[in-house]
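A quick write-up on the structure given underneath.
We name chains A, B, ... by the order of the sequence lines, and we start the count at 1 in each one.
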Protein chains: 2
Amino acid sequence: MDKLRAIKLFVKLANLGSFTKVAEQTNTSKSMISKEIGRLEDDLGARLLHRSTRNLQLTHVGEGYLQRAIEILEKLDDADNFVSDLQHNVRGKLKINAPMALGITDLSVLFADFMHENPDIELDIHLGDESVDLVEQGFDLGLRASSRAIDSNYVGKPLTRFTYKVCASPEYLAKHKAINLPQDLSEHNCFVYSYFQGKDVWPIEDGVAVKGNLKVNSTLFMMDAIKKGLGLGFIPDFVCQKMIDSGEVVEVLAEANKPRLTLYALYPARHFVPTKLVKCIRYLEDWFKENKSL
Amino acid sequence: MDKLRAIKLFVKLANLGSFTKVAEQTNTSKSMISKEIGRLEDDLGARLLHRSTRNLQLTHVGEGYLQRAIEILEKLDDADNFVSDLQHNVRGKLKINAPMALGITDLSVLFADFMHENPDIELDIHLGDESVDLVEQGFDLGLRASSRAIDSNYVGKPLTRFTYKVCASPEYLAKHKAINLPQDLSEHNCFVYSYFQGKDVWPIEDGVAVKGNLKVNSTLFMMDAIKKGLGLGFIPDFVCQKMIDSGEVVEVLAEANKPRLTLYALYPARHFVPTKLVKCIRYLEDWFKENKSL
DNA sequence: ATATACTGTTCTCAATATGGTGACAGTTTG
DNA sequence: CAAACTGTCACCATATTGAGAACAGTATAT
């Protein structure tokens with residue numbers, strides 16, 4: 001028995017004062033109203049209203065119950081509205097996790113624009129490359145680079161593709177042996193990124209073991225070392241491209257086979273995504289479509 | 001969809017943190033819980049909790065909804081308890097309507113005893129012989145004398161049977177013509193009771209037209225006039241019996257056919273009767289069983 | 001007075017919704 | 001690497017449901 005509907009009908013009945021009118025107003029049959037009210041009375045174990053053929057009269061019990069029923073329905077409406085607000089309102093917090101390097105480069109300008117367009121959305125951005133559990137940490141969105149499929153608990157929207165480039169400063173290259181094949185790297189000072197899955201193997205062609213005197217968890221830090229001519233780095237293109245374009249660093253082994261990764265926007269829910277989040281993801285997609293060749 | 005049950009299950013789920021445990025505790029299947037929560041989420045248009053295989057995590061929405069849901073359930077409990085209290089509690093008011101004459105004679109002692117036994121029941125007794133609508137006036141109980149069937153809106157418990165007696169004082173009878181047949185009454189001073197259905201026809205045998213110089217809406221007032229030897233009265237036996245026994249008045253036409261009426265306890269509801277009322281009706285039944293021959 | 005219209009209730013029956021079973025995909029644990 | 005567990009999904013017999021008509025009763029209209 002759907003007690004809630006029964007209560008709603010009871011309140012309506014108390015207002016309209018007629019089973020028939022309630023039936024008309026709700027597009028149902030009299031019999032249904034009668035049954036439903038009867039069921040509610042059964043459930044409560046008390047009569048809510050006296051039916052005399054022409055007049056309905058609330059019982060003592062009915063009067064008290066009516067009052068409480070109205071409050072209950074109000075509370076329910078409240079709860080529904082609360083959800084709806086949180087869902088459809090663009091206001092609200094958005095807790096986002098993103099890779100450090102990406103955050104410092106592209107995302108900083110991207111989200112600056114986004115915040116300008118959506119002043120009511122509050123951003124809470126955690127930059128970091130440690131693998132965190134988005135759900136456990138309560139993140140609404142995570143930006144992840146991946147070459148493989150994504151954890152099945154998440155939906156992943158592909159945003160852009162990127163690759164890595166082996167970078168060095170012109171000065172470094174001039175002072176050291178030429179690099180023509182991936183294997184040549186083993187005799188150079190190759191910086192290692194702390195969180196890199198393969199540790200000290202760069203995924204060029206079949207993988208090249210490298211070694212070097214710098215290990216750091218920031219590709220930007222690494223870039224500065226590269227620019228100073230200290231060594232080579234295996235750097236995402238969104239970090240190094242500008243410096244390559246400006247000539248500060250140069251790419252080596254450009255023709256070698258390197259993994260192409262996809263940047264995903266990850267969000268945990270399947271059915272219902274808050275509009276603020278939808279808006280954010282759309283923005284990400286559009287931004288990368290405009291600014292990058294996917 | 002039974003939203004209420006869904007809400008209950010959601011609250012349980014939030015507490016236990018596992019679909020399976022909820023299923024066990026409610027003696028249902030996991031699938032049912034899953035479905036029901038899913039339905040609630042559909043209805044709300046938002047996801048209430050993130051399911052990762054090992055941990056359930058409330059959504060922002062879920063947290064807010066949980067809080068509200070708990071309040072709603074409390075309110076519902078409140079409402080139910082309110083009804084239950086009013087229903088099962090012996091405390092409370094009892095608004096009773098009864099015929100004036102009966103009230104002054106038997107009921108006064110009866111209810112004195114009843115109140116003594118049930119100090120927590122508050123009585124609100126309206127004595128009067130006008131026909132009142134019990135429901136409209138908000139009476140819990142009405143005592144009615146009737147020879148015919150009762151209004152179908154009410155349940156009527158028969159309490160006792162009674163009849164009427166033609167009474168006169170010995171002095172009156174000594175001074176006037178003898179009364180041997182009903183027709184003889186037409187030559188006597190016969191008092192008329194104001195609310196009597198047949199007005200000035202006494203329902204003896206086939207009915208006897210009478211006339212007299214007193215019309216009053218109280219059989220007790222009438223009794224006093226009779227005792228003084230002013231005339232004859234058609235009096236309920238519960239009013240006149242004692243005086244007949246004591247010899248103050250005597251009955252005439254004792255053998256004539258007079259209507260036997262039944263005193264009913266009338267109460268409006270069919271399904272649910274508050275226990276205080278049940279108790280009162282039981283008391284009435286018992287009292288009349290002991291003190292009168294039905 | 002009598003007829004009519006309208007009240008709420010009850011009955012039956014078809015249609016819908018429901019909840020349990022078992023399989024499933026995916027994880028964590030031993 | 002197997003086993004035990006998570007929540008979800010599809011299937012299907014079952015139960016509940018709600019509409020419609022018949023009903024009993026009462027007030028209004030004629």
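Annotation for B:L9 and B:M32: closest pair CD1-CE, 3.9 Å, computed over non-hydrogen atoms. Pairing each heavy atom of B:R144 with each of B:N97, the nearest pair is NH2-OD1, 3.2 Å. Closest approach of B:P203 and B:F234 over heavy atoms only: CD-CE2, 3.5 Å. Considering all non-hydrogen atoms of both residues, A:M1 and A:L40 come closest at CE-CA, 3.9 Å. Closest approach of B:G156 and B:L266 over heavy atoms only: CA-CD1, 4.0 Å.
Proximity of A:R51 to the phosphate of C:dC6: no side-chain N or O atom is located under 4.0 Å from OP1 or OP2. Side-chain nitrogen and oxygen atoms of A:R5 include none within less than 4.0 Å of the OP1 or OP2 phosphate oxygen of D:dT17. Side-chain nitrogen and oxygen atoms of A:T20 include none within less than 4.0 Å of the OP1 or OP2 phosphate oxygen of C:dC6.
The interatomic distance linking B:I33 (CD1) with C:dG19 (C1') rounds to 10 Å, in whole Å. Here the P atom of nucleotide C:dG8 and the NE2 atom of A:H50 are 16 Å apart, to the nearest Å. One interatomic measurement links the two molecules: CG of A:L4 to P of D:dT17, which rounds to 14 Å at whole-angstrom precision. The separation between B:L9 atom CG and D:dG7 atom P is 14 Å, rounded to whole Å. As a whole-Å value, the separation of B:D42 CG from C:dA17 P is 14 Å. A straight line from CD of B:E36 to P of D:dT8 spans 13 Å, rounded to a whole angstrom. Atom-to-atom, CD1 of B:I37 to C1' of D:dT6 comes out at 16 Å; the value is rounded to the nearest Å. Here C:dG8 presents its P atom at 10 Å from CG of A:N55, a figure rounded to the nearest Å.
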Sort me out a list of protein N/O and nucleotides 19-22 of chain D N/O pairs below 3.5 Å, or just none if empty.
{"from": "D:dA19", "atom 1": "OP2", "to": "A:S29", "atom 2": "N", "distance (Å)": "3.1"}
{"from": "D:dA19", "atom 1": "OP2", "to": "A:S29", "atom 2": "OG", "distance (Å)": "2.9"}
{"from": "D:dA19", "atom 1": "N7", "to": "A:S31", "atom 2": "OG", "distance (Å)": "3.4"}
{"from": "D:dA19", "atom 1": "N6", "to": "A:K35", "atom 2": "NZ", "distance (Å)": "3.3"}
{"from": "D:dG20", "atom 1": "O6", "to": "A:S31", "atom 2": "OG", "distance (Å)": "3.1"}

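With distances taken from any side-chain atom of B:S34 to the nucleotides C:dG8, D:dT8, D:dT17, the minimum falls on D:dT8.
A tilted orientation is assigned to the rings of A:F10 and A:Y65, their planes being inclined by 30° to 60°.
The stretch residues 68-78 of chain B participates, sequence neighbours left out, in these side-chain hydrogen bond (donor to acceptor under 3.5 Å, both in side chains) pairs: A:E71-B:K75, A:K75-B:E71.
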